[in-house]
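Here is the structure we will look at.
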Amino acid sequence: MRKIIDIYKEYKVMPILAVHLFRVTAVAWQICDSLETPVDKDSIIKACLFHDIANIIKFDLSYFPEHNQPEGQEYWQKVKEECIEKYGNSEHTASVKIVRDLGLSDYVAHLVDVIEPEYIQEVNQGLDLGEKIGIYADNRATPHCVVSIEERNLEAKKRYEHHPHVFTEEAREFFMKNMRSIENQIFSHLKIKPEDINNESIAPYLEKLKNFEI
């Protein structure tokens, strides 16, 4: 067993990305603890902790230079190149490969795989609550805080307005239509409301994650 923070150090996860992974996981953890329906909480937590672990592959390190500190852009560019050399050009595929390298279960790898916009309709229409929690939690977290899915959508739109893979408005609305449905499905099993998940409510889970072991 190793602490997740040590695994992040081994894989040279950027601090801003580690914060995101923790925040998404904390949201998912709170949901799991509030459910009236049993789920595989351990697998969901692990999937959220690794779902974007290789995202440096897609980062344009010049966009947000403050995120490169204190190591500097040259250091992170080298980490990015090493990650691409080892795992390929797809950050999503690389994240799944890392999960498998770590010997995590097939179900964890599957959950990581479906936390991706292209699977939003499939997850919405499916029956696996774990899939829904993973993709939903990822869409409740910005780089800085927990927000609603609507606020997250607007923040992402602004943040990636010059990104080559930006959603069209049609694709964005399709995604949000499915995400709203997923939110309704999840909270039909909960005693809490979406607004009950916020920066204050996830704080105890963030503390637990500091010593979480895989």
Worksheet item: What's the verdict on side-chain contact (heavy atoms from CB on, under 4.5 Å) for Arg2 and Ile214, showing C-alpha distance, side-chain angles and the deciding distance?
Response: CA-CA 5 Å; Arg2 289 189 293 163; Ile214 300 294; 5.8 Å; no
Worksheet item: Mind checking what makes ring-ring contact (aromatic ring centres under 6.0 Å, His included) contact with Phe50, not counting sequence neighbours?
Response: none
Worksheet item: Does the pair Ile31 and Val39 meet the rule for a side-chain contact (heavy atoms from CB on, under 4.5 Å), with working shown?
Response: CA-CA 10 Å; Ile31 290 173; Val39 291; over 6 Å; no
Discussion item. Determine whether Lys97 and Asp101 satisfy the following criterion, salt bridge (Lys or Arg N to Asp or Glu O under 4.0 Å), listing intermediate values before the conclusion.
Written reply: CA-CA 6 Å; Lys97 287 180 179 178; Asp101 284 351; over 6 Å; no
Is it possible for you to say whether [X] and [Y] belong to one hydrophobic cluster, with membership spreading through side-chain heavy-atom contacts below 4.5 Å?
{"X": "Val99", "Y": "Ile7", "result": "yes"}
{"X": "Ile182", "Y": "Val27", "result": "yes"}
{"X": "Val19", "Y": "Ile115", "result": "no"}
{"X": "Val24", "Y": "Leu206", "result": "no"}
{"X": "Tyr11", "Y": "Tyr75", "result": "yes"}

What is the minimum heavy-atom distance between [X] and [Y], and which atoms define it?
{"X": "Leu17", "Y": "Ile53", "answer": "CD2-O, 3.8 Å"}
{"X": "Lys12", "Y": "Trp76", "answer": "O-CZ3, 3.2 Å"}
{"X": "Leu21", "Y": "Asp52", "answer": "CD2-N, 3.6 Å"}
{"X": "Val13", "Y": "Ala18", "answer": "CG1-N, 3.8 Å"}
{"X": "Met179", "Y": "Ile135", "answer": "CE-O, 3.8 Å"}
{"X": "Ile57", "Y": "Ala94", "answer": "CD1-CB, 3.6 Å"}

Going from [atom1] on [X] to [atom2] on [Y], what distance comes out if it is rounded to the nearest 0.5 angstrom?
{"X": "Ile44", "Y": "Ile133", "atom1": "CD1", "atom2": "CD1", "result": "4.0 Å"}
{"X": "Ile149", "Y": "Phe175", "atom1": "CD1", "atom2": "CZ", "result": "8.5 Å"}
{"X": "Met14", "Y": "Leu61", "atom1": "CE", "atom2": "CG", "result": "5.5 Å"}
{"X": "His51", "Y": "His92", "atom1": "NE2", "atom2": "NE2", "result": "10.0 Å"}
{"X": "Asp138", "Y": "Thr25", "atom1": "CG", "atom2": "OG1", "result": "9.5 Å"}
{"X": "Ile16", "Y": "Ile56", "atom1": "CD1", "atom2": "CD1", "result": "12.5 Å"}

Quick one about [Y] and [X] (side-chain donor to acceptor, distance below 3.5 Å, no hydrogens or angles considered), yes or no?
{"X": "Asp128", "Y": "Tyr107", "answer": "yes"}
{"X": "Gln30", "Y": "Ser201", "answer": "yes"}
{"X": "Asn124", "Y": "Gln185", "answer": "yes"}

Worksheet entry | Pair Arg23-Arg140, side-chain contact (heavy atoms from CB on, under 4.5 Å): steps then yes or no | CA-CA 9 Å; Arg23 190 174 287 124; Arg140 286 294 307 270; over 6 Å; no
Worksheet item: Is it true that Lys80 and Glu91 make a salt bridge, defined as a side-chain N closer than 4.0 Å to a carboxylate O?
Response: no
Does atom [atom1] ([X]) have a neighbourhood of more than 12 heavy atoms from anything else shown, all under 6.0 Å?
{"X": "Glu36", "atom1": "CD", "result": "yes"}
{"X": "Lys78", "atom1": "NZ", "result": "no"}
{"X": "Glu213", "atom1": "CD", "result": "yes"}
{"X": "Glu85", "atom1": "CD", "result": "no"}

Practice prompt. Give the intermediate values and the outcome of side-chain contact (heavy atoms from CB on, under 4.5 Å) for residues Leu111 and Glu131.
Written response: CA-CA 6 Å; Leu111 290 179; Glu131 293 179 355; 3.9 Å; yes
Discussion item. Between His110 and Asp106, is there a side-chain heavy-atom distance shorter than 4.5 Å?
Written reply: no
Discussion item. Would you say that Glu195 contacts Ser148 through its side chain, given a criterion of any heavy-atom pair below 4.5 Å between the two side chains?
Written reply: no
Worksheet item: With no hydrogens and no angle check, is any side-chain donor or acceptor of Lys132 less than 3.5 Å from a backbone partner on Gly126?
Response: yes
Practice prompt. Over 60° means perpendicular and under 30° means parallel, so classify the ring planes of Phe212 and Trp29, tilted if in between.
Written response: perpendicular
Worksheet item: Can you say whether the rings of His67 and His144 are parallel (under 30°), tilted (30 to 60°) or perpendicular (over 60°)?
Response: tilted
Worksheet entry | Pair Phe22 + Tyr8: ring centers closer than 6.0 Å | yes
